[in-house]
Structure formats: structure tokens, C-alpha cells
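Take a look at the structure set out below.
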Amino acid sequence: MSKPVAICVIGSGYVGLVASVCFAEMGHQVTCVDNDEAKVKTLREGGVPIYEEHLPELLGKHLGRGGDFTTDLSGAVEKCQAIFIAVGTPQGDTGAADLSYVEAVVSEIARAITSYKVIVEKSTVPVYTNEWVRRVLHRRGVEPDQFDVVSNPEFLREGTAVIDFLHPDRIVVGAGTERAADLLRSIYAPLTGGTYYERPDALPGACSAANPAKLLVTSAQSAEIIKHASNAFLALKISFINAVANLAESVDADIEDIAAGIGLDSRIGPKFLRAGLGYGGSCFPKDVAAFHWVAQQQGLDFQLLEEVRRINDAQKDVFFNKVRAALWTLRGKKLAALGLAFKCDTDDIRESPALDVIRKLLEAGASVTAYDPAAIERAKAVLPPTDKMVYAESLYEAAKDADAVLILTDWKEFGQIDLAELNRRVRFPIVIDGRNLYRPQVMADHGFTYVSIGRPANYNAQQGKPRQMLL
Ligand code: NAD
């Protein structure tokens, strides 16, 4: 059994909260700090502020028993050996990451340091942030032998965040000293040594005692770039398949067959080859922009990243045009929108393509009735309910009297619709699927006009609409 480490995690958002409960699950003593008093109160009272599988059970298991929440950053820093910074790094006006939250936290840490600490960048940050953190600490009078700065980027995905954290593909540690690298090694030892996976209460996943998590030690700069480059590459894969989808559609080929054929190449792999509305969320859009900015700062013209972004933005227009082509005019039309979150299994609506599409439809004069299994409350804060923007309790309620049903998020529930019931609810049996959740033949068999991404549209013969009129 490795020795428990006293860990402080600053920020209790998607990353900080998951990291906190998972470190506690691994046997460490964790204090999670947030300056949002309401959030800390909710957490202390046993509430769960975000929708994430396994989070409620782990919070219940560790709250007050190895896991604690506070707004007192100084107190937490004082009693901990490792301080993980997991605050937001949103996109700034220039595309660069806004590091003001990180800087504010580092300044506060500087005031609280009285003994050696390892300060860990968990937030996604541009290369050389470790150097800036070091400088800020130094300028605020912290002696160089009182701290090390380590980059330990996080690769979890919302929706599977807890399992991703406990069963990572890899753990990257960018450290300039062996002392700091060793502390990180001991923090992750339950995963890299496999002892966590031997426990009867371990959450199951891809790693095991025989195949434990791998930890890669690099320089801090390399670790920072690994994170940006990973996200940029995944975004690139999505934009690539969307560009191929648009080509496929124009020649009556099927992107699902094409993606299967590409993905079976072991050098490429099947993941992130799902054609659709494009990527969104709090990471890919901002990280692609930030990585592009980083390259520009070094005098490099990384145009590929600009193209990745352009294809992604255009994909929402591609979908919008499909809706218009299927319905002719949009003013006064009643549309059922299935999905608000940027992807399935999360309530996160940041940079959600679903919301972008809904906004465009509202601007075009349509009215929208939306349903999402988890994201309605968050969506209401940015798209308040009106007579044109209505929120439904179920997908069938949303579909009632709809001129068309739009699938905007890849929730499992939306791929398992009772199609006969859906057909009874709608005014016209038209489904425009931005996530390719159905086989066109299945939709045709249920009497639907079915339009998807990168596949020939399938028009309901009974409606007698010739294809060329609709494109
Ligand atoms: P988030 O917005 O959900 O959470 C950030 C938290 O930090 C908030 O609770 C906020 O109140 C808190 N905070 C801000 N300033 C603070 C301060 N001065 N003191 C204490 N708390 C403070 O953000 P997130 O989605 O968890 O992302 C955090 C970082 O992790 C970002 O850099 C992001 O790019 C990166 N990341 C995110 C994901 C993801 O899927 N969300 C995955 C990998 C990496």
C-alpha cells in the first residue's frame, strides 16, 4: 500500500471535483477548494453540482472521510504537500487561453506557502505556463527551494470522467526535478502499481492489476504541449470525418460505411470518426484556438488548426441548411430539438453545437420545443423559456405536433426512440439527425423522411417530395 498524500485541489468544476473524489478513492487525504461559496455549501451538504456517472456514489463515500470542501485556500495549502490547480482557462479575445484565474490562484498560494510544496497544473494551459507560475511565486517572495511546478494535464472526458480518471490511457507528468516527479509518482502509485484495481470495491474499467495505468515523465513544456496537441488532434479527426461526410453525401456514398472502412485500419482506429454536428464543449474549441495562438507566438503558421475550426463551424450551417431544405421555410414552423448538451452523458452546454443550431432556428423565425435528459436547467440559463423556446419533460412531449424532429445530441435515449409512437406524435414524419443515430432503412420502414449527415437523404414516398426539390 502506497503512503497517502495530503492533496489540495483548487477548483471544484468538472475536473477539480472528479480529481478530488478520485484521489480520495485512491486513498489520499484531499481538500478541495473553490471560491464559489454556494458550490462549496452544496458539496459540504452532500449535493452534487454536476451530472457525472459515479460522482454521487464517490462523493457519498468520501465526504468527510478523506474528502473535504472549503473556500479557505490558505488553510488548505498549508496542510497539503501537493496543490493541484484545476480552475478554468477559458478562451480570451485573441484565441489565447485566459490565464487570469490561474494567476489569481498562484498569487494566493504564494501568500500561504510556508514549507515545500509541489504545485501542479491540472488545468489545460499553454506551453511555458509552468515558467510563469514559477515567476509569479518568485516575484511574490517564495524561495525557489520551497516549491516545484509540475504539469499534469488531465485527459478525462465528461460523461465518463470518473472511469477515465481511475483507468487512464496514460498519466503525463511534466516535472523539472526528481523530487517533484517522485511525489506525483507516489500520488498515482495505486493506479500505476495496480493496487487500486485489486480492491474489491474498485470501479471497473480498462486497467487492471495485470495491466495498470502508465505514467510518462517528461519536461513541463512537453507535458503542456501533449495536452494541447492531443485535443487538437482529436478535433482534427472530427473535422476530417465531417469534411469527408460532406463529400460522401454529394456522391451518394455512406459516411458510416466509409468511417468503418477507415477506422478498421489499426493506424487510424475507429474513435472520433463519427460524422455529425461537429465538436463543442469547454475543451476542444478553446484548446484548438489556444494551440494555434501558441504556434503563432513562436512565429509558426499552424494553418491546419484554423481549417479544423472552420470545418467545425461550417458543420452547423450544413445541418441548418438541411433543416431548411426539408421544410422549405422556417418562419412559424414548430421544431422538436432532441438534445441541448454538447454531447451525451453530461449536462455541460458550453459551446454546445445543439444550442448554436437552436439559436439559428429561432433567429429564422421557427419555434423550438427542446428536451434533454440532463441539460435543461443549464440551457434555461442561457436560452430562457419564451413562447418560441419551450422545454419539454420528455422527447415524446417535445415531438407533439412538430413539423420536424431534430436530433442534436447523441444521448443513448435518442437512439432508442419508439418510432411508431414518435410518428403518432408529430405533425409531419420528418427526422433530421445531426448525430446519425439511425439506419436510414429503419426510418423509412417507419414512414419517416430521414435526413442525416454524410448519407443519401431518404424521403418519405407518401409525402411525394422529389429529392432535387429538397436539396
Ligand atoms: P469549471 O469551470 O467546471 O470549474 C472551474 C472551477 O474553478 C469553478 O468551480 C470555479 O468556481 C473555480 N475557481 C475559479 N477561480 C477560483 C479561485 N480563484 N479559487 C478557487 N476556485 C476557483 O472548469 P473545468 O471544466 O473543470 O475545467 C478546468 C480546467 O481543466 C480547464 O483548464 C479545462 O480546459 C481543463 N480540462 C477540462 C476538461 C473537461 O472535460 N471539462 C477535461 C480536461 C481538462
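Both ligands and their constituent atoms are indexed starting at 1 by order of listing.
- The shortest side-chain heavy-atom distance between Q81 and L183 falls under the 4.5 Å cut-off.
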What donor-acceptor contacts under 3.5 angstrom involve side-chain atoms of residues 46-60, with partners at least two apart or in another chain?
from : atom 1 : to   : atom 2 : distance (Å)
E52  : OE1    : G159 : N      : 3.0
E52  : OE2    : G159 : N      : 2.7
E52  : OE2    : T160 : N      : 3.2
E52  : OE2    : A161 : N      : 3.0
H54  : ND1    : E57  : OE1    : 3.2

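- Looking at R65, its side chain does come within 3.5 Å of a backbone N or O of K61 through a donor-acceptor pair.
- At a 4.0 Å heavy-atom cut-off, the residues surrounding ligand 1 are I10, G11, S12, G13, Y14, V15, D34, N35, D36, K39, A86, V87, G88, T89, Y101, V105, S123, T124, E154, L156, E158, K227, S282, C283, K286, R350, listed by chain and number.
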Under the ring-ring contact (aromatic ring centres under 6.0 Å, His included) rule, what do F302 and F291 come out as? Steps first, then yes or no, please. CA-CA 9 Å; F302 204 159; F291 198 32; 5.7 Å; yes
For a quick test of your reading: what N or O donor-acceptor pairs under 3.5 Å do the side chains of residues 11-21 make, sequence neighbours left out?
from : atom 1 : to   : atom 2 : distance (Å)
S12  : OG     : D34  : OD2    : 2.8
Y14  : OH     : D347 : OD1    : 2.7
S20  : OG     : G16  : O      : 2.7

Ignoring hydrogens and angles, write down the donor-acceptor pairs under 3.5 Å from the side chains of residues 276-283, residues two or more places apart or on other chains.
from : atom 1 : to   : atom 2 : distance (Å)
S282 : OG     : R350 : NH2    : 3.4

